[in-house]
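The structure under discussion appears below in the form of structure tokens.
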Amino acid sequence: MKAAVLRHLTYSIGKDTISASIYDWRVALSLSLRDLIVEPWFASTRRTYAEDRKRVYYLSMEFLIGRLLEDAAVNLGLHEVAEGAMADLGVDFRAVIEDEPDAALGNGGLGRLAACFMESMATLGCPAFGYGIRYEHGLFRQMFEGGQQVETPEDWLTQRHPWEFERPESAYTISFKGHVETLEGRAVWVPGESVTASAFDTPVIGWKGEWANTLRLWGAKPTTLFDLERFNRGDYAAAAEPETLARTISRVLYPDDTTFQGKELRLKQEYFLTSAALQDILRRYLKTHDSLHDLADHVAIQMNDTHPAIAGPELMRLLIDDHGLTFDDALPIVQNVLGYTNHTLLPEALERWSTYLMGTILPRHMQIIEQIDAWHAKTYPKRPHYIGIVKHNEVRMGDLAFIMSHRVNGVSALHSDLVRKTLFPELDALHPGRIINQTNGVTPRRWLRLSNRPLSALIDSTIGDGWVSDLDQLKQLEPFAQDAGFCAAFDAAKRRNKVDMSNWLGASMGITLDPDALFDVQIKRIHEYKRQLLNILQTIDQWHTIRENPNVAFVPRVKVFGGKSAPGYIVAKEIIHLINDVATVVNNDPATRGLLKVVYPANYNVSMAQRLIPATDLSEQISTAGKEASGTGNMKFMLNGAPTIGTLDGANVEILHEVGAANFFLFGMTADEVVQRRTDPDHSRHAIEASPALQRVLQMIAEGQFSPDQPDRYNGLLDRIWNHDYFLVAADFEAYRLAQHDVDLAYADRAKWVTMAALNTARAGYFSSDRTIRGYMNDIWSTKAAL
Ligand code: 26V
């Protein structure tokens with residue numbers, strides 16, 4: 001390893017050891033590890049061809065993969081070797097790892113799930129490609145100025161990205177606009193503009209380095225380099241215009257996962273990814289097969305939400321226009337190849353493109369969409385008149401994805417039920433059995449083995465290391481959860497992580513924490529439905545209660561918040577401001593010092609999650625029931641021994657089922673009760689009147705106690721709570737407050753708490769993304785693992 005690193009430092013980077021920076025060492029180490037992935041990567045590809053295996057193609061606008069170096073080292077079993085080699089070279093291994101920028105090519109849960117899936121497919125030996133966009137700028141960097149979120153561009157690609165292989169020879173033309181002509185009865189699309197999609201491959205190595213798949217990300221380039229004539233005339237800006245326009249397509253990740261906005265550039269991005277992927281898939285298939293009629297025996301394509309749902313019409317177009325199939329022949333092929341995963345029920349996030357925009361940007365696809373819709377209406381005469389892909393001059397991408405897929409899945413048991421009952425009841429009736437459930441999961445390699453070494457080591461020494469690729473083995477820890485020696489070691493591992501996190505916060509924010517306090521953590525995108533507001537209101541109540549009762553022995557708590565708001569989401573930004581304002585007041589109050597702290601480190605990302613989750617005592621999963629499709633952070637906390645305080649929402653329901661009610665702090669209304677409660681137009685007023693604690697909290701905010709420089713700062717937010725409380729913060733406040741009181745009581749009994757924490761880890765086996773991927777392979781992809 002040492003020799004390899006030195007060789008790369010010298011010959012790939014051209015640096016002498018005396019002048020090498022941490023960055024140089026990082027690139028040299030990364031290239032050395034990448035070298036070791038190439039062999040298994042080739043071997044996996046060769047076997048897939050030799051055995052003519054069915055391949056899975058995962059189409060996603062987002063892959064939130066985070067850092068790659070440590071992940072590669074862990075999966076290759078070379079973590080200690082790499083650490084030792086760097087130590088011998090006099091280089092700080094941790095500093096090298098932390099020098100790597102996160103690949104932040106996603107917004108949140110949906111993108112991170114895609115990354116966990118890629119790792120699990122490689123671990124299981126499921127031949128697969130991930131297809132995405134190589135955004136030049138990932139999710140924006142968040143800073144706080146005066147407690148308010150400020151966004152700056154993220155720029156991970158200004159440095160060399162050592163994990164990828166550029167494939168300029170794998171390039172496809174992607175066309176837009178123009179018009180459709182009819183030639184001898186056939187449709188011919190005459191595009192108005194085009195760009196080139198150029199491939200960049202990153203190998204994804206599975207556990208123990210036995211299998212590797214490819215994450216293929218597309219970068220946009222101009223089809224013509226630049227306008228030489230204009231350049232020679234001296235019009236340099238105009239000459240470079242085509243280049244700029246083309247590159248815009250892969251320039252930046254859309255940072256808003258809350259509201260759908262029918263933006264032209266977004267549609268172009270979606271089609272860019274989808275068309276490049278499908279052209280690549282057909283090219284690979286036709287290298288070794290000649291009949292497109294068998295496509296579904298060899299190819300499974302999964303659409304990660306509706307973002308790549310243009311895959312239905314695009315594959316139809318390629319089969320009909322380029323390969324001469326009839327509509328009727330093409331349709332069942334496409335349906336048998338495609339699967340669609342739904343990740344949200346929020347109506348404002350559902351994609352609906354205006355027929356005008358769709359018809360302008362993709363005129364041929366608009367025709368095909370109309371044809372599909374007409375075919376569906378004719379084939380299913382029982383279809384109600386108000387159902388359809390095209391309605392009110394909009395193309396509904398959910399309905400399109402549903403109709404073009406042989407399987408549609410939700411991401412938790414509750415969510416899949418709601419997909420059936422509330423999102424697609426009519427289509428479900430016409431296509432019984434098409435909607436299924438695949439509960440999400442997380443990869444135990446990154447989310448325990450890599451991120452929590454103290455706990456991993458304890459588990460290894462207790463039950464061996466088989467759990468890493470067979471997470472159900474954690475069950476064997478159950479008897480130890482009652483064992484005093486094991487519990488002491490479990491507690492020590494948690495404490496070690498809490499000390500590490502405190503040190504990091506001390507260094508990065510100048511805040512010192514008491515590692516014996518209860519670390520209560522809510523980290524996720526800021527959304528009204530996730531109810532960070534409920535959490536901060538309860539924090540204010542706790543602050544007030546401590547002040548009013550100076551002689552009571554409270555359990556010391558640290559409230560940790562982390563997460564970004566979409567740049568245009570005003571209410572979410574007000575909530576961020578309030579949390580930071582409360583932190584300022586609480587953290588400077590001598591009366592509550594040592595008993596309550598509020599911390600909100602800026603720029604929450606995958607790497608920060610890896611730091612915070614192992615150090616967490618209490619996992620906050622408090623969304624309005626029926627709104628969180630699944631959640632995956634909830635699973636990571638459970639795996640790392642943090643009990644949940646949560647509602648019956650998303651995968652919380654299944655976490656509660658696995659861990660048992662004694663080890664979960666359940667509160668709040670159910671999804672049905674939420675719907676019921678909203679029928680009372682005065683529900684929040686009634687809830688506030690019934691809760692003196694909530695009245696007091698709202699009063700304190702209204703008086704400007706947290707915004708003395710601008711007392712009316714939160715009038716808007718308060719008005720929403722009183723009069724437009726759609727997410728039922730007020731109605732669930734008392735239940736949440738009481739559940740938090742139960743948490744304090746439980747935490748005060750240390751032995752009992754540690755047993756509870758250990759049982760959370762022991763019972764987390766179900767939430768491995770290996771289990772999820774096996775489900776997709778069996779129920780959707782009809783494919784078998786090679787390992
Ligand atoms: C939506 C949109 C709307 C249009 C513009 C861009 C954009 C980008 C991303 C999204 C994704 C929203 C859906 C989402 O992230 N769902 C989350 O999926 C997780 C994985 O299944 C799940 O655990 C979370 O509960 C769910 O909120």
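Values reported hereafter were calculated over all heavy atoms of this structure, with side chains retained and with hydrogens, waters and symmetry mates removed. For this chain, numbers begin at 1 and follow the sequence in order. Start at 1 and go down the list; that is how both ligands and their atoms are numbered.
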Exercise for the section: Sort out for me which residue in Arg55, Glu119, Met121 forms a side chain to side chain contact (heavy atoms under 4.5 Å, CB included) with Asn213. Expected result: Met121
Handout entry: atom 5 (C) of ligand 1 [closest protein heavy-atom partner, distance rounded to 0.1 Å]
Key = Asp256 O, 3.4 Å
Exercise for the section: Pull out every atom of ligand 1 sitting under 4.0 Å from any heavy atom of Gly109, numbered as shown with elements. Expected result: 19 (C), 20 (C)
Exercise for the section: Name the option, out of His343, Met61, Glu62, that contains the heavy atom nearest to atom 8 (C) of ligand 1. Expected result: Glu62
Exercise for the section: Do me a favour and list the nearest non-hydrogen protein atom to atom 22 (C) of ligand 1 with residue, atom name and distance? Expected result: Gly631 N, 3.7 Å
Problem - ligand 1-proximal atoms of Glu351, by part, heavy-atom distance under 4.0 Å - result: neither
Practice task
Determine whether the side chains of Asn304 and Thr341 contain a donor N or O and an acceptor N or O closer than 3.5 Å.
Solution key: no
Exercise for the section: Check whether the side chains of Gln610 and Arg446 place a donor and an acceptor atom closer than 3.5 Å, and report yes or no. Expected result: yes
Problem - Identity and separation of the nearest protein heavy atom to atom 3 (C) of ligand 1 - result: Ala349 O, 3.9 Å
Exercise for the section: Output the list of atoms in ligand 1 that are nearer than 4.0 Å to some heavy atom of Tyr529, sorted by atom number. Expected result: 27 (O)
Problem - Atoms in ligand 1 with a heavy atom of Ala629 nearer than 4.0 Å - result: 25 (O)
Problem - Numbered atoms of ligand 1 (with element) below 4.0 Å of Val411, judged on heavy atoms - result: 21 (O)
Completion exercise
Contact region, Asp257 to ligand 1, non-hydrogen atoms below 4.0 Å, reads both
Practice task
Among all protein heavy atoms, pick out the one at the shortest distance from atom 15 (O) of ligand 1; state its residue, atom name and that distance to 0.1 Å.
Solution key: Leu110 CB, 3.4 Å
Exercise for the section: Could you tell me whether some N/O pair between Ser630 and ligand 1 is separated by less than 3.5 angstrom? Expected result: yes
Handout entry: Residue that, paired with Thr306, satisfies side-chain hydrogen bond (donor to acceptor under 3.5 Å, both in side chains) out of Glu270, Arg352, Arg396, Glu351
Key = Glu351
Fill in the blank from the handout: From the list Thr123, Thr443, Asn440, side chain to side chain contact (heavy atoms under 4.5 Å, CB included) with Ser769 holds only for Thr443
Practice task
May I ask you to check if ligand 1 and Glu628 share an N or O to N or O distance below 3.5 Å?
Solution key: yes
Practice task
Mind telling me whether His527 and Tyr529 have parallel, tilted or perpendicular rings, with 30° and 60° as the class edges?
Solution key: tilted
Exercise for the section: Assess the side chains of Asn605 and Ser607: does a donor N or O sit below 3.5 Å from an acceptor N or O? Expected result: no
Problem - Gly650 to ligand 1, any heavy atom closer than 4.0 Å - result: no
Problem - Donor + acceptor pair across side chains of Tyr57, Gln302 (<3.5 Å) - result: no
Problem - Glu528 and Tyr569 side chains, donor-acceptor separation under 3.5 Å - result: yes
Practice task
Say whether Tyr271 and Glu314, considering side chains only, have a donor N or O and an acceptor N or O under 3.5 Å apart.
Solution key: yes
Exercise for the section: Using non-hydrogen atoms of the residue, decide whether Arg112 is closer than 4.0 angstrom to ligand 1. Expected result: no
